[in-house]
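Working notes, structure below.
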Amino acid sequence: MSVVPPRLDPAMTLLPPLPGPAASSLVEGLNPQQREAVEYRGPALLIVAGAGSGKTRVLTHRIASLIATREAWPSQILAITFTNKAAAEMRERVEGLLGEGAEGMWISTFHSACVRILRREAERFGYGQGFTIYDSADSRALLKRIVKSLEADVLGLTPAAAQGTISKLKNELIDVDGFSRQVSGGDPKEQMLLEVYRQYDRELRRAHAFDFDDLIGQTVWLFRAHPEIAAHYQRRFRHILVDEYQDTNHAQYSLIRELTRPVEPQHVPADTRMQLAPDGSIPPASLTVVGDSDQSIYAFRGADITNITNFERDYPSANTILLEQNYRSTNTILKAANAVIGNNFDRIAKNLWSASGEGSLIVGFAGYSGHDEAQFVADEIHRLHDEDGLMFSDMAVFYRTNAQTRALEEILIRSAVPYRLIGGTKFYERAEIKDVMAYLMAVANPADELALRRILNTPKRGIGPMSETAIWDFAERQGITFREAMRRAKELGLGPKVTNAILGLAEILDDASESLDPDRPTGAATVGELLTALLRKTKYLDKLYETGNPQDEARAENVEELISVAKEFDKTHPDGTLVDFLTETALVAAADELDDESGAVSLMTLHTAKGLEFDAVFVTGVEEELLPHRMSAGEPGGLQEERRLFYVGITRARKVLHLSLASMRNTFGETNPSMPSRFLDEIPAELIDWRQAPGEAQGGLGFGRSLGGGSRELDSGFGSSGGYGGYGRGSSAGSSGGQGFSSVRFKDPDAGREFGKPKPKKKWVNDITGQVRDNSGLQLERGDRIRHVDFGEGTIRAMLGSEKKRIAEVDFDNAGRKKLLINLAPIEKL
DNA sequence: TATAACAGTATTTTT
DNA sequence: TACTGTTATA
């Protein structure tokens with residue numbers, strides 16, 4: 001667009017927007033509340049957006065409208081989202097609405113935005129531009145060392161506990177001094193905690209590193225200590241929009257507060273074109289926050305729900321708009337969601353409604369074991385795919401804890417369901433990836449001692465703990481850095497072998513640093529080049545391949561994967577530096593991995609699910625102790641947060657919702673009985689179609705161990721709801737393990753199949769566990785009879801796929817129709 | 001110093 | 001179960 005915008009000033013916002021196709025079409029198809037949320041202009045706006053009420057739409061349209069009407073330049077907009085994925089999506093949608101790029105617009109997470117600011121101002125902290133960002137594993141490693149050196153563990157202070165407390169303190173913007181004022185002299189544990197905090201902070205400074213919480217907290221500190229820096233951003237960002245406001249913590253809240261202060265007259269440039277208040281200041285930026293207190297699920301890590309409930313107090317002139325119409329789910333699903341969340345007492349009443357009809361009933365399933373439950377999920381996914389024509393990528397399976405994935409994965413693989421695991425042990429948390437990243441970090445930030453220590457003897461080069469301490473001592477005594485001490489290894493008085501190993505590593509790192517010099521004849525090395533050079537010189541990959549250990553091979557593959565990530569980065573960021581690469585990788589979140597083109601079912605935790613939606617949703621493990629999780633019991637408000645988590649899960653579903661549980665659940669090798677979640681009782685019974693109700697599945701080993709065989713009506717303490725379809729008898733009774741486990745675990749394969757028999761206690765024969773089944777030689781065709789470990793005998797109905805992915809569709813005599821991945825399924829030809 | 005074997009223990013959610 | 005840390009041994 002070629003029109004030069006008129007002078008940009010907040011008073012302008014009172015004038016009607018410029019007429020134009022863009023501006024008016026931006027509210028087309030919106031309901032009255034959404035439209036108001038897009039068009040309202042004022043200093044502060046709170047949009048209370050129920051689940052599925054189109055808040056992303058409202059936010060993107062609002063941003064686009066501000067730009068289209070010439071009320072703001074893109075560069076005056078700061079939009080904060082929860083994940084990088086949400087940020088990318090929002091940017092894309094805004095650009096789509098405007099039909100042009102939106103350069104200069106900041107749409108990012110709190111963390112990314114703060115890193116950007118901090119890098120620019122790094123020297124104020126005495127840090128270099130290349131300061132390191134420690135993720136939680138890094139800071140735990142550091143804390144572990146500190147706790148050990150202080151012998152804090154004798155006071156019962158674990159690294160994990162210290163990490164939790166320090167994180168909370170930082171989220172509350174309480175620094176070491178602030179904490180020392182709080183600590184009572186009498187409590188030795190608190191004293192110790194203070195000392196741990198002090199040393200932790202000191203080590204971070206020494207290493208020129210920030211942890212996750214620092215990114216926010218230090219930015220606030222920077223703004224408060226340097227009003228002229230704050231003023232710079234206050235002048236720049238005239239429209240600030242924050243998504244998921246219910247999940248902001250105090251530090252994030254404070255950051256927004258700082259950014260929405262008026263610019264003091266002394267920081268107003270003489271030549272400003274902005275309209276000034278009578279006292280010569282620039283009025284505060286306009287603030288829009290979007291949130292739903294019913295979806296607040298991060299209180300455990302410091303999110304403060306009162307930030308949203310107090311918004312109108314904090315910003316007295318604020319306008320509030322309620323979005324209650326849901327465009328996502330059927331009314332059946334919404335009724336269940338409303339009923340569940342209605343049990344939280346301290347909430348503002350809100351009732352989601354939908355114009356999209358009742359839809360089908362919620363499907364309930366109570367299996368005998370976690371595997372049984374997983375089998376239900378797998379079968380149902382196939383049914384939805386084959387009969388209802390849903391795409392795999394429109395289905396998702398949620399669970400409370402990552403540990404639950406094991407059973408699910410096993411069965412999904414065996415049943416040939418394509419799936420994608422979102423989150424979990426993330427790529428960047430793998431040891432080998434952390435190793436390699438530590439090399440890069442050590443190059444980018446020579447002060448980073450933690451990174452140096454990590455790579456000192458990885459791969460093994462004979463530099464043990466003794467040598468490490470020697471280097472450290474030397475550095476302390478000489479007042480030099482760890483890295484410098486490595487360069488002077490000859491003065492350490494260690495053996496020649498070790499000395500040379502240390503010198504060798506120091507040289508590799510120094511060479512790497514030099515290769516980044518843009519004045520080199522060949523120009524600065526790209527991240528990919530740097531990484532390959534490092535790996536070649538350290539022989540990191542070679543040593544992994546040498547062992548012949550399949551696990552090491554997998555690790556090597558991960559490292560190769562990292563190399564391609566780096567090369568990809570070089571391609572997409574032609575001017576990207578090593579520091580840019582490290583920043584980007586440090587801030588990737590689980591949900592960011594999601595890409596919709598994979599054609600696979602998504603598996604994720606309930607937390608990761610927030611903000612997403614799927615046609616069909618499976619919420620698994622709806623059991624006491626799991627959902628609500630036992631850990632939440634002690635926390636104040638814990639139960640309510642768990643309920644919100646369940647609510648979030650329910651409201652992700654567009655068309656079909658499945659709730660499932662098992663009466664026996666495996667936890668750390670132990671099998672324990674479980675009870676249906678109290679939350680199930682909160683859903684009106686007529687909304688759920690129990691394929692197999694909790695009462696039915698519990699005939700087995702947990703609750704009624706003393707009852708005679710065949711008894712299925714047991715006192716579960718849970719009202720059964722009647723009318724069950726007798727789902728998958730065959731699967732429900734006997735399957736307790738996957739992939740060759742199950743029949744072996746019970747000495748008598750049939751022992752587990754009968755109700756009422758006590759389970760053989762622990763320590764079963766474990767000899768075949770973990771055996772990789774390979775049926776690749778098995779030739780099968782339509783009409784063949786087979787026997788399956790869990791499902792019994794059946795006839796092959798059809799053969800699908802080819803090679804490694806040969807799938808048999810089998811009509812089992814007793815267990816119904818299943819799809820099985822031939823190579824992995826525990827089957828034999830008859 | 002490296003490795004293997006063993007014992008103990010922790011297990012919620014994540015930017 | 002799986003991972004960590006410790007100890008004994010090469």
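Here is the naming used below: chain letters follow the sequence lines, and residue numbers restart at 1 for every chain. Basis for what follows: all heavy atoms, side chains included, without hydrogens, waters or symmetry-related copies.
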Could you tell me whether A/F125 and A/H208 have their ring centroids closer than 6.0 angstrom? no
Under 3.5 Å, which N/O atoms of the protein pair with N/O atoms of nucleotides 2-4 of chain B?
residue: B/dA2; atom: OP1; partner: A/G462; partner atom: N; Å: 3.0
residue: B/dA2; atom: OP2; partner: A/N457; partner atom: ND2; Å: 3.4

In whole angstroms, the gap separating P of B/dT14 from CD1 of A/I422 amounts to 12 Å
Can you measure from CG (A/D294) to CD (A/Q246) and round to the nearest 0.5 angstrom? 9.0 Å
Does one side chain, of A/S293 or A/S296, offer a donor that lies under 3.5 Å from an acceptor on the other? no
Any salt bridge linking A/D552 with A/K543? Criterion: basic side-chain nitrogen under 4.0 Å from a carboxylate oxygen. no
Worked verdict on A/Y134 versus A/D448 for side-chain hydrogen bond (donor to acceptor under 3.5 Å, both in side chains): CA-CA 10 Å; A/Y134 280 3; A/D448 192 341; 2.6 Å; yes
Identify each atom pair where a protein N or O and an N or O of nucleotides 10-13 of chain B are less than 3.5 Å apart, giving names and distance.
residue: B/dT12; atom: O2; partner: A/R400; partner atom: NH1; Å: 3.3
residue: B/dT12; atom: O2; partner: A/R400; partner atom: NH2; Å: 2.4
residue: B/dT13; atom: OP1; partner: A/N402; partner atom: N; Å: 3.1
residue: B/dT13; atom: OP1; partner: A/N402; partner atom: OD1; Å: 3.0
residue: B/dT13; atom: O4'; partner: A/R400; partner atom: NH2; Å: 3.4
residue: B/dT13; atom: O2; partner: A/R400; partner atom: NH2; Å: 2.8
residue: B/dT13; atom: O2; partner: A/H607; partner atom: NE2; Å: 3.3

Which heavy atom of A/A662 sits nearest to which heavy atom of A/G370, and what is that distance? CB-N, 3.7 Å
Summarise protein proximity over nucleotides 2-7 of chain C in one line of letters, 5' to 3': B for base, S for sugar-phosphate only, - for none, counting protein heavy atoms closer than 4.0 Å. S-SSS-
Go through the side-chain N and O atoms of A/Q404 and A/T401 and say whether any donor and acceptor fall under 3.5 Å apart. yes
Measuring from atom CZ of A/R257 to atom NE2 of A/H250, what distance do you get when rounded to the nearest 0.5 angstrom? 10.5 Å
Using atom P of each nucleotide, how far apart are C/dT4 and B/dT13 to the nearest Å? 16 Å
Could you walk me through whether A/D304 and A/N249 satisfy the side-chain hydrogen bond (donor to acceptor under 3.5 Å, both in side chains) test, starting with their C-alpha distance in whole Å, then the side-chain angles of each, then the deciding distance to 0.1 Å, before giving a yes or no? CA-CA 5 Å; A/D304 187 353; A/N249 61 36; over 6 Å; no
Can you find a side-chain donor-acceptor pair between A/N344 and A/Y647 that sits under 3.5 Å? no
